[in-house]
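Only one structure is covered here, and it is reproduced in the block below.
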Amino acid sequence: MDVSQKPTRDELRRRAADLVPVLRANALASERNRGLTDETVQAMTEAGIFRLRIPERFGGYACDTRTLVDVGIELGRGDGSAAFNTAAWWIMSWNVGMFPDEVQEEVFTSPDVRVCGTLAPTAMAVPKDGGIVVSGQWNFNSGAAHSQWKLLSAILPDGEGGAEPVLAIAPMSAFEVEDDWEVSGLRGTGSVTLRTQDLFIPTAKYIKISALMQQQYASVLNRDLPIYRGPMVGAVSAATTGKIVGLAQAAREAFFDRVPGRPITNTGYASQIEAPVTHLQVADADLKIDEAEYHARRLAEMVDGKGLRAEPWSLKERAYARMAVGRVCQLGMDAVNIYAMASGASSIYSTIPIQRIQRDMQTINLHALNLPSTNLELYGRILCGQEPNTFFV
């Protein structure tokens, strides 16, 4: 497969769809190993999946968010962990694109470079001539084992009694790995804890998050590209919704793969597919998936359209970006739960995909930036004329 030329959206979606059998075949092994298999990562690399948010001058595809939704849906159909890590790598690559151009040249030595990271500022930084010194640890570094760089957040004192979070980048060799990813869902993401002590980061390699929220990016070459003409909240939110829709679609496929000929135990129904309760369940779940996809695509069109037209974002639109993710998660979880509860007791075996899909979806819903209740509250605050209670908007 020639990945050197920028493919169309349809071609990238087709490549992702072609990966579904490989992702599914390796999903159980990834879960048991608590990290993606090398075969899974290699297959996605060969398909150019990790290039979607790399600037074109480095051999990347610099795709719009509608492409991310299309590709994310297919990856979610294959394996929740593989789709989750890919979305995280897309987000971090996009964030690196806001750093000074010389930093990008150091990071993007290959269009297939992967950057893991977290936005929660759980470490401390202190000023030093020419940069800052960071010490601390970060949980939930999805895909760390297959990454070359890490984005990190830390709290930096301003010298006047206050402090603010910064976003910085450093090579993976600067971190110690704590292999603590013993969890119930998304086990295949390998989201281990990383820590460092007295790590010097030069000035060019960190940015104040307050500046990013105001779209004050350090890159000159990327500044006027449509995919960077917008707030971080829009780009990050739109990049993550496709995998959620795809995971819900995977639950639907897993259910219908097993339903033919299955009876409903202790009833007169020799075939579950003939029972009215099944008809009600699958109709309800199917509509929830459609509604989730609506919000995913509406958000992507908003991000892409505003980027192309260089339009400013209102506070309501920024809050909607968060709300859309929460709504997609909520609807996706509801749909998966319906299929899981209709799958019978035999579905709890680890070799049956529906139980893993359900645990993966629950874990996605619990993510701090995805949690439906938090995101719906934020949107409601804005609708009621209140100030946002988070910096990430």
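Owing to the predicted nature of the structure, the values given are computational and were not obtained by experimental measurement.
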| field | Stepwise salt bridge (charged side-chain N to carboxylate O under 4.0 Å, His left out) check, R187 with E182 | value | CA-CA 7 Å; R187 287 175 60 85; E182 295 285 356; 3.8 Å; yes

| task | Please report the closest heavy-atom contact between N85 and S142, naming both atoms and the distance. | result | OD1-CB, 3.3 Å

| field | L280 backbone acceptor or donor facing D284 side chain under 3.5 Å | value | no

| Nearest atoms (heavy-atom pairs only) where F255 meets S343 | CD1-OG, 3.6 Å

| message | Quick check on the hydrophobic clustering: are V134 and L194 connected, directly or via other members, by side-chain heavy-atom contacts under 4.5 Å? | response | yes

| Got a second to check how far S153's OG is from I207's CD1, nearest 0.5 Å? | 11.0 Å

| query | Is it true that E311 and R229 have a side-chain N and a carboxylate O under 4.0 angstrom from each other? | reply | no

| request: Start with the C-alpha distance between D286 and R252, add both sets of side-chain angles, then the distance that settles side-chain contact (heavy atoms from CB on, under 4.5 Å), and finish with yes or no. | output: CA-CA 8 Å; D286 198 73; R252 178 172 59 197; 2.4 Å; yes

| Hydrophobic cluster identity match, V393 and I209, side-chain contacts under 4.5 Å | no

| message | Quick one: does any side-chain atom of Q272 pair with a main-chain N or O of A342 as donor and acceptor, under 3.5 Å? | response | yes

| query | Any donor-acceptor pair under 3.5 Å linking the side chain of R53 with the backbone of C63? | reply | yes

| Does any donor atom in the side chain of R359 or Q362 lie under 3.5 Å from an acceptor atom in the other side chain? | no

| field | Whether over 12 other heavy atoms sit under 6.0 Å from F140 CZ | value | no

| Nearest non-hydrogen partners of G143 and W89, listed with the distance | O-CZ2, 3.4 Å

| query | In Å and rounded to the nearest 0.5 Å, what is the CZ to OH distance from F50 to Y61? | reply | 12.0 Å

| Is the F58 ring parallel, tilted or perpendicular to the F108 ring (thresholds 30°, 60°)? | tilted

| task | Please tell me if the side chains of V133 and L199 come closer than 4.5 Å, counting only heavy atoms from C-beta onward. | result | no

| query | At what distance, to the nearest 0.5 angstrom, does CE of M92 lie from CG of L151? | reply | 6.0 Å

| task | May I ask you to test the Q249-I357 pair for a side-chain heavy-atom distance under 4.5 Å? | result | no

| query | Does a salt bridge link R66 with E301, judged by any charged N lying under 4.0 Å from a carboxylate O? | reply | no

Donor-acceptor contacts under 3.5 Å from residues 367-384 side chains, at least two apart:
unit_1	atom_1	unit_2	atom_2	d
H367	ND1	L369	N	3.0
N370	ND2	I364	O	3.0
N375	OD1	R322	NE	3.1
N375	OD1	R322	NH2	2.8
N375	ND2	R322	O	2.9
N375	ND2	L369	O	3.0
R381	NE	E387	O	2.9
R381	NH2	E387	O	2.7

Show which side-chain atoms of residues 67-75 pair as donor or acceptor with protein atoms under 3.5 Å away, not counting sequence neighbours.
unit_1	atom_1	unit_2	atom_2	d
T67	OG1	R9	NE	3.2
T67	OG1	D64	OD1	2.7
D70	OD1	R297	NH1	2.7
D70	OD1	R297	NH2	3.0
E74	OE1	R77	NH1	2.5

| remark: Separation between CH2 (W181) and OG (S191), nearest 0.5 Å, reads 4.0 Å

| query | Do I169 and W90 sit in the same hydrophobic cluster, where Ile, Leu, Val, Met, Phe, Trp and Tyr count as joined when their side-chain heavy atoms come under 4.5 Å apart? | reply | no

| field | Aromatic contact, Y228 with W94 (centres under 6.0 Å) | value | yes

| query | Does S219 offer a backbone N or O that forms a donor-acceptor pair with the side chain of R223 under 3.5 Å? | reply | yes

| request: Spell out, yes or no, whether L152 and Y206 are grouped together once hydrophobic residues are joined by side-chain heavy atoms under 4.5 Å, including indirect joins. | output: yes

| said: Side chains of V183 and R34, heavy atoms from C-beta outward: is any pair under 4.5 Å? | reply: no

| query | Hey, are the side chains of S147 and R114 touching, using non-hydrogen atoms and a 4.5 Å cut-off? | reply | yes

| message | What's the separation between atom CG in N337 and atom CD in Q281, rounded to the nearest 0.5 Å? | response | 12.0 Å

| message | Is it the case that the side chains of E164 and S210 hold a donor-acceptor pair, with the cut-off being a distance below 3.5 Å and no angle test? | response | yes

| request: Could you tell me whether the side chain of T40 and the main chain of L36 form a donor-acceptor pair under 3.5 Å? | output: no

| Heavy-atom check, side chain of T86 versus side chain of I49, under 4.5 Å | yes

| remark: Sequence neighbours excluded, the answer for side chain to side chain contact (heavy atoms under 4.5 Å, CB included) partners of Q215 is Y217, P231, R318

| task | Check whether any side-chain heavy atom of R356 lies under 4.5 Å from a side-chain heavy atom of E31, and answer yes or no. | result | yes

| Given side chains that start at C-beta, do those of L167 and L119 come closer than 4.5 Å, heavy atoms only? | yes

| message | Side chains of K205 and F200, heavy atoms from C-beta outward: is any pair under 4.5 Å? | response | no

| said: Could you check whether R24 pairs with D79 (Lys NZ or Arg NE/NH1/NH2 to Asp/Glu carboxylate O, under 4.0 Å)? | reply: no

| query | So, the side chain of N26 versus the backbone of T37: is there a donor-acceptor pair under 3.5 Å, distance only? | reply | no

| How long is the span from the CG atom in D112 to the CE atom in M44, to the nearest 0.5 Å? | 11.5 Å

| message | Tell me the closest heavy-atom pair linking S347 and I354, and the distance in Å. | response | CB-CG2, 3.5 Å

| Do NZ/NE/NH1/NH2 and the carboxylate oxygens of D10 and R14 come within less than 4.0 Å? | no

| said: Please evaluate residues S93 and R51 with respect to the criterion side-chain hydrogen bond (donor to acceptor under 3.5 Å, both in side chains), reporting the C-alpha separation (whole Å), side-chain torsions for both, the decisive distance (0.1 Å), and the verdict. | reply: CA-CA 9 Å; S93 294; R51 301 184 175 198; over 6 Å; no

| said: Tell me the closest heavy-atom pair linking S350 and L28, and the distance in Å. | reply: O-CD1, 3.7 Å

| said: Is it the case that over 12 heavy atoms from other parts of the model lie below 6.0 angstrom from the CG atom of D38? | reply: no

| message | Ignoring hydrogens, what is the shortest heavy-atom contact between P111 and G60? Give both atom names and the distance. | response | CB-N, 4.0 Å

| message | Applying side-chain contact (heavy atoms from CB on, under 4.5 Å) to Y349 and Q355, what does each step give before you reach the verdict? | response | CA-CA 8 Å; Y349 284 95; Q355 51 77 36; over 6 Å; no

| hydrophobic_cluster_shared for L287 and V336, side chain cutoff 4.5 Å | no

| message | Quick check on K306: does its NZ atom have over 12 non-hydrogen neighbours (other residues, nucleotides or ligands) under 6.0 Å away? | response | yes

| request: Output yes when a side-chain donor or acceptor of T189 lies under 3.5 Å from a complementary backbone atom of L186, and no otherwise. | output: yes

